Structures are given as C-alpha cells and as structure tokens.
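Everything below concerns the one structure shown next.
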Amino acid sequence: MNALRLVAILLVTALLSGCGYNQIQINDEKVTSAWAEVLNQYKRRADLVPNLVKVVQGYADHEKEVLTQVTEARARVAGIQVTPELVNDPAAMAKFQQAQAGLSGALSRLLVTVERYPDLKADQNFRDLQAQLEGTENRITVARNRFIQAVQTYNISVRTFPNNLTAMMFGYEKKASFTVENEAAISQPPAVDFGGGK
C-alpha cells in the first residue's frame with residue numbers, strides 16, 4: 001500500500017513539474033521578493049520625510065502649505081495597509097501607486113520651494129538628507145524595474161501553454177505591474193518656450 005502511495009506521489013510530482021507548476025511557484029516567489037524590495041525602499045523614503053520637513057521648517061516657517069502637503073502625502077502613504085496580497089489585487093495596487101505618486105509630487109514641490117532659501121541649501125543637514133533622498137529615489141527606480149521584470153516573467157509563465165492550464169487549475173492569475181498614472185500626458189512632447197513668442 002505504501003509503495004503504491006509512493007508511486008502516486010512520484011507520478012503527481014512528475015506531472016506537476018512537467019506542466020510548469022514548479023516554475024510558476026519559483027516565478028511567484030520572485031515577484032514576492034521583488035515587491036518586498038520595492039516596499040523596503042518606499043519605507044526608507046517615508047522614514048526620511050519627517051526629518052526633511054523638520055529641517056526645511058526651521059528655515060521656511062511661512063511655507064506651511066508645501067510642508068503640510070508633504071506631511072499629508074506621507075500620512076496617506078502610511079495609511080495604506082501593505083500586505084503581500086497587494087500584488088494580487090489590481091485595485092489596491094493602483095491605490096498604492098497613486099499614494100506614492102502623491103508623495104513624489106509633494107517632495108518635488110518641496111525641493112522647488114527650497115530654491116528660495118540659499119542658507120538652507122548650504123546647511124549640512126539638508127544636504128545630507130537631500131543626498132539620501134536622491135539615493136533612495138534611485139533605489140526605488142531599480143527596485144521597481146526588478147519588480148516589473150519579475151511580474152513579466154511570472155505573467156508569461158501563467159499565460160503560455162501548457163503552464164496556463166496548470167495556473168488555471170491552481171488559481172494563479174496574471175499580476176498587476178507598475179504603470180504610470182498619466183500615460184497620455186507624458187506621451188506628449190514637452191513645450192519649450194524661451195520667451196521668443198512674445
């Protein structure tokens with residue numbers, strides 16, 4: 001009886017391996033791992049924001065609107081419950097991306113505001129924070145690229161034959177990847193005007 005069970009297990013294992021089950025598992029784990037790194041870098045950025053706001057606040061007390069926007073954007077990011085299941089929920093993923101884009105926009109406005117304060121730009125604390133923030137933005141870009149590649153590999157594995165049959169049998173579906181919010185806007189070439197049209 002045990003020998004029959006062992007043969008059945010070996011047969012099922014061979015069949016699952018042959019129809020891509022193991023590869024789907026590997027690709028799914030790679031997506032999870034890549035997503036964890038994306039979250040890690042976003043967390044690093046969110047942790048830097050309060051220090052950045054504090055330093056800027058010391059120089060630019062009357063720029064409260066911009067500072068408030070940054071603080072509120074960070075709070076929205078922190079308010080999203082991030083779980084590993086987020087990569088399987090396109091609506092939650094879109095909400096997460098929207099919150100992160102809001103924080104990116106608020107930080108951009110903050111850095112433009114900083115241009116008005118030469119003393120702030122010369123402050124060592126600010127320069128250190130700005131360097132860390134720039135480094136974090138680069139790490140976020142790299143992590144997002146790796147996540148996009150992992151999702152692409154996974155999605156190919158669950159959509160191609162015969163793996164798609166295995167994926168359907170075990171409930172593996174296509175995962176959402178990163179997209180840009182304003183695809184139509186960024187596809188337009190930027191308007192350059194040096195004032196010659198006046």
Side-chain angles (χ1 to χ4, degrees), residues 30-152 175-191:
K30 285 180 179 175
V31 170
T32 303
S33 172
W35 178 243
E37 182 56 22
V38 170
L39 295 181
N40 180 35
Q41 296 307 327
Y42 275 130
K43 176 76 169 60
R44 177 186 160 89
R45 180 171 75 167
D47 289 346
L48 285 172
V49 167
N51 293 331
L52 185 66
V53 168
K54 198 171 174 182
V55 170
V56 175
Q57 213 161 19
Y59 285 85
D61 272 339
H62 57 282
E63 301 286 355
K64 286 184 180 168
E65 185 183 345
V66 175
L67 296 171
T68 302
Q69 287 173 354
V70 172
T71 305
E72 288 175 353
R74 183 190 178 275
R76 278 193 291 276
V77 166
I80 294 176
Q81 189 173 3
V82 179
T83 63
E85 289 75 32
L86 192 68
V87 292
N88 299 320
D89 185 348
M93 174 71 93
K95 187 177 174 187
F96 175 81
Q97 287 184 64
Q98 189 178 20
Q100 291 295 345
L103 181 56
S104 295
L107 284 173
S108 296
R109 287 190 291 278
L110 176 66
L111 294 177
V112 169
T113 301
V114 163
E115 294 298 318
R116 298 179 198 152
Y117 300 94
D119 289 344
L120 172 58
K121 284 189 289 184
D123 185 90
Q124 187 63 42
N125 288 337
F126 176 76
R127 284 189 293 176
D128 289 348
L129 277 170
Q130 192 177 27
Q132 286 188 45
L133 204 57
E134 287 169 356
T136 301
E137 293 297 326
N138 290 336
R139 290 189 187 101
I140 288 172
T141 302
V142 170
R144 281 175 27 167
N145 283 341
R146 288 180 179 158
F147 174 72
I148 289 168
Q149 288 170 5
V151 169
Q152 181 190 31
K175 293 184 187 292
S177 189
F178 270 99
T179 58
V180 292
E181 259 187 55
N182 51 351
E183 191 173 343
I186 64 172
S187 64
Q188 299 295 320

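Numbers here are sequence positions counted from 1. If you're wondering where the values come from, they're calculated on a predicted model, not measured in any experiment.
- Closest approach of A73 to A106, counting heavy atoms only: CB-CB, 4.0 Å.
- The distance from the CZ atom of R74 to the CD atom of Q100 is 11.0 Å, given to the nearest 0.5 Å.
- Within the 4.5 Å cutoff, the side chain of L107 has heavy atoms near those of the R45 side chain.
- Across all non-hydrogen atoms, the minimal contact from V77 to A99 is CG2-O, 3.4 Å.
- Separation of atoms CD (Q130) and CG (D123) is listed at 11.5 Å; rounding is to 0.5 Å.
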> Stepwise, does the side-chain hydrogen bond (donor to acceptor under 3.5 Å, both in side chains) test hold for R127 with Q124?
Replying inline: CA-CA 5 Å; R127 284 189 293 176; Q124 187 63 42; 2.9 Å; yes

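- The number of heavy atoms from other shown groups lying within 6.0 Å of CD (E65) does not exceed 12.
- Separating the CZ atom in F178 from the CD atom in Q97 is a distance of 5.0 Å, to the nearest 0.5 Å.
- Atom NZ of K54 is separated from atom CG of L129 by 11.0 Å, given to the nearest 0.5 angstrom.
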>> Test side chain to side chain contact (heavy atoms under 4.5 Å, CB included) on N145 and T141; report intermediate values, then the result.
In response: CA-CA 6 Å; N145 283 341; T141 302; 4.1 Å; yes

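- Shown here for A143 and V38, the closest heavy-atom pair between the two residues is O-CG2, 3.4 Å.
- Among residue pairs with one or both ends in residues 95-120, those qualifying as salt bridge (charged side-chain N to carboxylate O under 4.0 Å, His left out) are E63-R116, E115-K121; sequence neighbours excluded.
- A34 and F147 get closest at one heavy-atom pair: CB-CA, 3.6 Å.
- Atom CG in D47 sits 13.0 Å away from atom CG in L52 (nearest 0.5 Å).
- Between the CG atom in L48 and the CG atom in D128 there is a gap of 11.0 Å [rounded to 0.5 Å].
- Partners of R44 under the side chain to side chain donor-acceptor pair (under 3.5 Å) rule, at least two apart in sequence or in another chain, are T136.
- In terms of heavy-atom proximity, V70 sits nearest to L103 at O-CD1, 4.0 Å.
- With sequence neighbours left out, the ring pair (Phe, Tyr, Trp, His ring centres under 6.0 Å) criterion links F96 to W35, Y42.
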